[in-house]
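Just the heavy atoms: all of them, side chains too, but no hydrogens, waters or symmetry mates, feed the values below. Counting begins at 1 with the first residue of the sequence.
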Amino acid sequence: MSHLLRLSGPLAALALGGVFWTLPAGAAEAQVRSPFVTQLRQSEAREETREGRRMELGELLRRVAAGRPGRMVPGGVQPRGDVYVIQWEYPGGRVVDITVDARTARVLEER
């Protein structure tokens with residue numbers, strides 16, 4: 001039997017049991033928030049801005065703030081695909097997420 005390959009650990013489980021793995025709840029979200037992924041998203045957002053597929057962030061924030069009381073929460077801007085999600089604090093302390101179209105600055109949702 002010396003010609004058989006010795007398997008141990010996860011590889012053995014796959015070979016012998018056909019085990020399928022799934023990420024635990026929240027693991028995919030944790031991966032999305034990793035510094036590398038965040039840096040990659042920021043890089044993509046900058047390139048899309050240069051190509052005209054995304055509005056310059058400063059202009060977008062000015063448009064969101066126009067006529068809206070309160071302030072953006074520091075560090076509260078996240079590019080997500082074709083939208084930005086902006087955390088906004090209204091007077092009195094209520095914080096909401098405002099989803100804004102990255103190309104037009106149109107507010108799509110506020111919750």
Query raised in the report: Heavy-atom distance under 4.5 Å between the side chains of E44 and P79, does that happen here?
Result: no
Report summary line: Quick note, salt bridge (Lys or Arg N to Asp or Glu O under 4.0 Å) partners involving residues 95-105, not counting sequence neighbours, are none
Using salt bridge (Lys or Arg N to Asp or Glu O under 4.0 Å) as the criterion, list what pairs up with [X], not counting sequence neighbours.
{"X": "E59", "result": "R62, R63"}
{"X": "R68", "result": "E110"}
{"X": "R94", "result": "none"}

Report task. State which residues pass side chain to side chain donor-acceptor pair (under 3.5 Å) with R106; sequence neighbours excluded, sorted by chain then number. Result -> none
Those residues that, when tested against [X], pass side chain to side chain contact (heavy atoms under 4.5 Å, CB included) (two or more places apart):
{"X": "V83", "answer": "R80, T99, L108"}
{"X": "R50", "answer": "R46, E47"}
{"X": "P91", "answer": "P69"}

Query raised in the report: Looking only at heavy atoms, what is the nearest atom pair of P74 and R71, with distance?
Result: CD-NH1, 3.0 Å
Query raised in the report: When you measure from the side chain of E56 to the backbone N and O of G58, does any donor-acceptor pair fall under 3.5 Å?
Result: yes
Report summary line: Connected to V107, directly or through other members, by ILVMFWY side-chain contacts below 4.5 Å are M55, L57, L60, L61, V64, M72, V77, Y84, I86, W88, Y90, V96, I98, V100
